Structure formats: C-alpha cells, structure tokens
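In what follows, a structure is listed as structure tokens, so that the remarks can point back to it.
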Amino acid sequence: MSEHYPHLLAPLDLGFTTLRNRVLMGSMHTGLEEEKNGFAKMAAFYRERARGGVGLIVTGGIAPNLRGRLAPFASQLSNRWQAKKHRVVTDAVHEEGGKICLQILHAGRYSYHPFSLAPSAKKAPITPFKPSGMSRRQVRGTISDFAATARLAKKAGYDGVEIMGSEGYLINQFLVTRTNHRTDEYGGSFENRARFALETVRQVRQQAGDDFIIIFRLSMLDLVEDGMSWEEVVILARWLEEAGVTLINTGIGWHEARIPTIATMVPRAAFTWVTARLKAEVKVPLITTNRINDPKVAEEILAKGEADMVSMARPLLADPHFVTKAAAGKADRINTCIACNQACLDHVFEQKRASCLVNPQACYETELNFPPAGQKKKVAVVGAGPAGLSFACHAAERGHQVVLFDKGGEIGGQFNFAKQVPGKEEFHETLRYFKNRLHDAGVEVRLNSEQSAESLKAGGFDEVVLATGIKPRTPAIDGIDHPKVLGYLDVLRDHKPVGKRVAVIGAGGIGFDVSEYLAEDGHSSSTDRETWLKEWGIDTELKGRGGVAEAMAPLASKREIWLLQRKESKVGQGLGKTTGWIHRTSLKRRGVNMLSGVSYDRIDDAGLHITRGGQPEVLPVDNVIICAGQEPLRALQQPLQEAGIAVHLIGGADVAAELDAKRAIRQGAELAASL
C-alpha cells in the first residue's frame with residue numbers, strides 16, 4: 001500500500017486470489033490480435049503494463065465463435081491450437097507479477113460481416129449488415145461457446161475472463177426490448193431477457209471452476225431509447241452475484257448512442273455516480289470506469305466508496321507506468337491520456353493498429369525502441385511544439401546532448417492555442433508532462449531564442465532538427481486584407497477582439513476549434529460534471545429507461561457564427577471517426593450555421609460575399625476568421641544544408657496539412673530512435 005494513494009494501491013482480496021491494487025486495465029482492442037506475429041507484440045505490450053504495476057489487465061474482445069466475430073478475420077478462441085498462441089501473453093504478464101483476464105465478446109448485430117446473429121433480425125445503425133435472428137439451438141450453442149472459450153482461456157493461462165454484457169453487444173442486445181423481440185423463453189419479460197446472460201455466467205463458472213475470475217461488464221447506462229430501467233440493472237446485478245461473478249464492471253452507453261462517453265470533452269469521472277448507486281445494492285466488488293486518467297481522481301472515487309476498483313484503458317496506453325509513478329509520488333511525471341481518440345479508437349474503427357497520440361510506443365514495443373546511443377551527438381532542435389518536444393526528450397534520454405530552442409516564451413507550440421479550446425483542457429497535462437520530462441532528460445531549453453542559420457552554425461551542432469512548425473495559409477480572396485479579417489492565431493494566440501457576427505473560413509479541425517472557442521466564449525461545460533450531464537440529456541435520477549432524458553438547452557452563444565467550407569461534403573467529414581459527430585452536434589446545439597459548397601467572392605464593409613448553390617449571398621459579419629490551411633516553415637533548411645550541416649524536418653515543418661500532433665509526436669520519436 002502506498003502512502004500517496006492508499007485506497008488506489010490497496011490490495012483487493014477476491015477470496016481465492018488477491019489483486020495487488022485497485023487498478024484495472026480496461027479492455028481495448030489493439031489490432032495486434034489479428035496481425036502477423038501479433039501475439040508476440042501483444043505479449044510485449046501487456047508485459048510493459050504489468051511491469052508498470054497494473055493490478056489486473058483485461059484483453060481486447062475475443063469472439064467465442066465465428067458468427068460472433070467483430071469482423072471476418074477478427075480474433076476467436078474456440079480451439080486448443082488457438083489457446084496455445086495466447087500462452088506467450090499470459091506468461092509475459094505473470095513474469096511481471098500481474099494478472100490478466102480474457103474478454104469474451106460476441107458482437108451480435110454489431111458484427112461487420114454478413115454472417116452475424118442477434119436476438120432478433122434487427123439491423124444496427126453502425127453496420128451495413130442485417131443479422132439473422134438466433135434460433136433456440138443457436139442461443140444455447142452460443143452460451144456453450146462462451147463457456148468453452150472460458151475453459152480454453154484457463155488452459156492458456158488466463159486468470160479469468162470478462163464477459164462483455166454492455167456497449168450494445170450480443171448480451172446487451174438480449175437484455176432490452178430495443179433489440180430483443182423474441183417470444184420464446186429468451187424474450188418478453190425481463191426474467192426471460194436476462195436468461196442468456198445468467199446462463200452464460202453459470203456455464204462459465206461450471207466449466208472454469210471456482211478459482212477463476214469472472215468479470216461481468218454490466219451496462220448500467222445504455223444511453224439509448226428502450227434500454228434497461230434502473231430497476232432491471234439492480235435486479236440483474238443481484239442475479240449475476242448469485243450466479244457466481246467475481247466482479248462487476250461498469251459499462252456506459254451503446255456504440256450507437258448519440259451521447260459522448262469517453263471523448264476529451266467528457267468531464268473526468270463523469271459516470272462514477274452510477275456505479276456508486278449500484279454499490280449500495282450488491283456485495284460483489286464493483287469497477288467504475290470512463291474518463292478516469294489521474295491517480296488523484298481515482299483515489300477520491302475509492303475513498304468516497306463509489307467503487308472497489310477503477311478501470312483505465314487509454315490512460316495505460318498513454319503511460320504503462322502510471323501505477324508505479326503514482327506509488328512513487330511522481331504523478332506529475334505521468335503521461336496523461338488526453339482522450340483525443342485519434343490514435344487509439346479512431347485507428348481501431350479504421351481497422352488499423354491502435355497506438356497513442358502522446359505515446360507512439362504504445363503497441364509498438366517490439367518495433368520502436370530507444371537504446372543508448374552508440375555515438376553521442378550534439379543536436380539542436382528548433383521549435384518546442386509537439387514534434388520538437390518528442391524528439392528532444394527521446395534523443396536526450398538516449399544520451400545525445402540536446403539543445404531545444406523556441407522563439408516563444410513557453411514550450412508547446414500550437415498546443416498552447418489548442419488548450420484554450422473548450423473541451424481540450426487536457427492538453428495542459430501534456431505540456432506539464434513534457435516540461436518535467438525535458439528537465440529529467442537534461443535537455444537544455446532556450447526560450448525566447450529565435451535562431452538563424454548563422455547562430456546554429458556557430459553552435460557547433462552535429463545535426464539540426466527543424467520542428468519550426470507552420471504558418472497559416474492566406475487564401476486568394478478579394479478583400480483578404482480588409483480590417484475585419486483575422487487569422488486563427490489572432491484569435492487563439494493574440495486574443496484580438498471578435499465581433500458578434502463571425503464567418504469562419506475552413507471547416508477542418510482548426511475551424512471547428514475556433515468555432516467552439518467563439519461559441520462558448522472560451523468556457524466549457526466539460527469542466528462541470530452536473531452541467532455537462534444535463535446538457536447531453538443524461539438522467540441522473542434514473543427515472544426512465546436507458547438513462548436518457550430530454551437534453552437541457554445549452555447556453556445560447558453570444559455570437560452568430562457561420563462555419564464554411566468549399567467542399568460539397570458534410571461539414572466536418574474529415575474529423576476523427578469517433579469524435580467528429582460530437583463536434584458537429586456541439587456546434588449545432590449552439591446555433592452555429594455550418595455551410596458546405598461555398599465559393600468566397602469578396603470581403604468588404606458589408607461582410608463576406610459568397611456563392612452557394614449558384615446563388616450569391618452576403619453574410620453581414622463583423623469579422624472573417626481564416627482557418628484555411630497551413631504552409632511549412634522551413635526557411636533555415638537550405639542555408640544549413642549549404643553549410644554542410646545535417647538537417648531533419650519533422651512535424652509541421654515537414655508536412656503542414658491539418659495540424660497533426662499524432663504524426664508530429666510519432667515523427668519526433670522515430671527520428672530520435674534512428675539518430
């Protein structure tokens with residue numbers, strides 16, 4: 001037990017086994033499950049988290065049979081030869097003193113293939129395939145398959161399984177009338193609808209034995225119409241306890257729900273109240289989850305008795321040593337998950353390998369490494385944005401002498417502007433982390449220090465890394481020099497006054513950020529849990545089914561805003577797959593006008609003249625804000641190369657499409673690894 005976080009780091013006695021602390025690494029599909037040599041890569045990935053002190057790990061979802069797979073070639077555990085492949089993973093975790101459970105997940109109607117089965121033949125809105133309704137024989141066979149997978153998991157060395165009963169997957173589909181229209185013993189009354197879940201748990205317990213962890217992931221808030229009532233959640237939890245589960249994990253929201261649950265604009269610990277409410281109803285230990293990324297927050301949850309464990313998935317992508325750092329009193333050295341979803345969930349939904357924006361080594365433990373440098377070099381890094389920070393830290397940690405220059409007065413580059421955008425407050429944590437890491441790595445940081453080719457030549461550097469970033473692109477529009485025209489840096493960096501009626505040209509990530517900043521006047525409901533829950537229509541009194549209520553009207557924007565793009569496609573289509581809809585919804589609810597297919601004719605005293613659908617129109621705006629792309633800043637490259645100095649371009653200085661911190665941080669790390 002740690003003096004710093006005594007509740008978080010206290011052991012949890014499960015009777016037949018003890019967990020070393022109250023931190024569970026929640027399930028998250030990585031894509032390694034299906035890759036060539038993926039099990040060796042998974043072993044390295046989970047080993048690092050076990051070495052970092054996690055009490056219990058849960059794998060990504062593994063199907064119990066072919067029809068339950070998430071995709072045609074997704075992972076399945078149904079045979080002994082498959083179980084043997086998993087042994088390298090479980091051995092790695094056990095060698096580091098950890099414990100690991102396999103998540104058994106049947107996708108049901110969420111399967112992305114034409115052979116899917118569900119309680120009823122009802123298509124999901126997030127897949128093009130309509131499932132077949134399960135026969136009684138298929139229902140019973142699937143229950144047996146869950147149990148067989150659990151038995152094989154035990155043979156493979158897993159300490160237990162998590163039965164996925166939430167997020168709208170098969171078991172959750174059985175539980176609610178929204179998706180269960182059956183008239184047999186598995187449909188109709190709640191007792192019948194719960195039969196599949198309970199028979200699955202009983203058979204798993206029978207097949208796996210008493211000395212085996214069974215976690216049930218229970219959907220406590222479906223956040224969809226015709227979901228479970230709170231009374232049904234409580235009844236099911238009690239029945240699960242009687243059926244022999246070891247732990248109950250909190251599930252929040254279906255994938256088709258139109259309420260955000262884990263993105264960065266969701267307040268920290270936004271849903272722990274629902275776990276706390278169930279805790280008074282059952283004796284089995286409960287795990288709470290969603291947007292818990294700080295040991296202090298986790299400690300407070302446990303100290304208040306809201307749960308017995310906390311689940312963190314993405315925070316352990318961001319920093320595998322989260323637990324050991326917390327235990328050592330070094331929480332300020334934790335690489336905090338910013339809940340951006342860009343390299344984790346967005347990758348998974350695009351069928352790419354998951355990683356992490358702030359930790360590009362996540363899921364690349366066998367491929368991206370930083371051994372001590374064979375030949376130590378003196379390296380200048382120009383630009384302390386995400387790319388420069390990433391390179392400087394990794395290079396210095398390898399033993400190179402690194403000097404980091406920036407013409408500004410603080411590190412962070414464009415992160416300093418992004419952190420002001422409502423819902424992106426977590427970016428402060430990344431800058432705190434890098435500031436401390438620079439110090440620990442011994443990087444010499446010189447701020448307010450603009451460099452020239454001559455000054456860098458005089459510095460005696462072996463190599464120079466240009467992470468100088470970008471400059472905003474100025475589009476060719478008649479009247480672009482009009483006084484009412486501002487750039488996004490004028491707004492976010494220089495805080496120039498902005499009028500009540502505004503046109504934002506460019507609907508990429510920056511355009512959305514500027515629009516949200518102006519619509520919310522720099523203030524965010526994501527910092528206040530109760531306001532946020534009301535704004536998104538989450539029923540904290542749990543009076544209706546699914547935990548949904550009528551959304552409270554957000555505070556009206558003080559400005560009238562038009563967000564414009566030239567493309568004919570949906571505004572914001574290029575945003576992140578898992579977060580773009582949230583940004584669009586937020587702006588729509590605040591009355592922002594989003595227009596596509598716009599031609600910009602001119603800007604004058606009357607406002608912004610546009611043509612749309614062949615019709616001319618004047619937007620009578622006070623200001624026009626340009627968010628129309630960027631160009632790389634690399635003026636130092638040629639004179640340095642002419643002087644015979646090795647020069648590298650990373651981040652925006654290399655490619656200045658949309659501002660891309662994910663690519664910038666990875667590029668910095670990869671260059672440092674190769675130097």
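For the numbers below, each heavy atom of this structure counts, side chains included, while hydrogens, waters and symmetry mates do not. Bear in mind that the values here come from a model prediction, so they are computed numbers and not experimental data.
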Legend entry - Nearest-0.5 Å distance, CD1 of residue Ile510 to CG of residue Leu492: 9.0 Å

For [X], salt bridge (charged side-chain N to carboxylate O under 4.0 Å, His left out) partners two or more places apart:
X      : value
Lys36  : none
Asp604 : Arg602
Glu426 : Arg268, Arg291
Arg333 : Asp440

Legend entry - Sequence neighbours excluded, every pair satisfying ring-ring contact (aromatic ring centres under 6.0 Å, His included) that has a member inside residues 356-398: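 Residue pairs with at least one partner in residues 356-398: Phe370-His394.
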
Inset, instruction - Any pair with a residue in residues 414-457 that passes ring-ring contact (aromatic ring centres under 6.0 Å, His included), sequence neighbours left out, goes on the list, sorted by first then second residue, please. - result: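 Sorted pair list: Phe415-Phe427.
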
Inset, instruction - Using the side chain to side chain donor-acceptor pair (under 3.5 Å) rule, collect all pairs that involve residues 612-621, keeping only residues at least two apart or in two chains. - result: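 Checked against side chain to side chain donor-acceptor pair (under 3.5 Å) - neighbours excluded - no pair reaches residues 612-621.
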
Legend entry - Pairwise side chain to side chain donor-acceptor pair (under 3.5 Å) hits with a residue in residues 664-675, at least two apart: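 Listed once each, the pairs are Ser355-Arg666, Asp654-Gln667, Arg663-Gln667, Arg666-Glu670.
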
Cationic N near anionic O, under 4.0 Å, [X] to [Y]:
X      : Y      : answer
Arg353 : Glu367 : yes
Glu535 : Arg590 : yes
Arg501 : Asp622 : yes
Lys424 : Asp513 : yes

Legend entry - Pair Arg437-Glu397, salt bridge (charged side-chain N to carboxylate O under 4.0 Å, His left out): steps then yes or no: CA-CA 9 Å; Arg437 190 172 164 198; Glu397 287 161 355; 2.8 Å; yes

Let me have the donor-acceptor pairs involving side chains of residues 635-647, under 3.5 Å, with sequence neighbours excluded, atom names and distances please.
from, atom 1, to, atom 2, distance (Å)
Gln638, NE2, Glu642, OE2, 3.0

Legend entry - Under the ring pair (Phe, Tyr, Trp, His ring centres under 6.0 Å) test, residues paired with Tyr112 that sit two or more places apart: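 With sequence neighbours excluded, Tyr112 shows a ring pair (Phe, Tyr, Trp, His ring centres under 6.0 Å) to Phe129, given in chain and number order.
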
Only pairs under 3.5 Å count here: list side-chain donor-acceptor contacts from residues 374-383, not counting sequence neighbours, and write none if there are none.
from, atom 1, to, atom 2, distance (Å)
Lys377, NZ, Glu463, OE2, 2.6
Lys378, NZ, Gly459, O, 2.8

Legend entry - From CA spacing to verdict: salt bridge (charged side-chain N to carboxylate O under 4.0 Å, His left out), Arg49, Glu365: CA-CA 11 Å; Arg49 275 80 198 157; Glu365 286 77 11; 2.7 Å; yes

Inset, instruction - Could you note down all residue pairs passing salt bridge (charged side-chain N to carboxylate O under 4.0 Å, His left out) where residues 476-494 supplies at least one of them, sequence neighbours left out? - result: Asp490-Lys496

Legend entry - Contact summary for Pro632 and Gly652, nearest pair of heavy atoms: CB-O, 3.3 Å

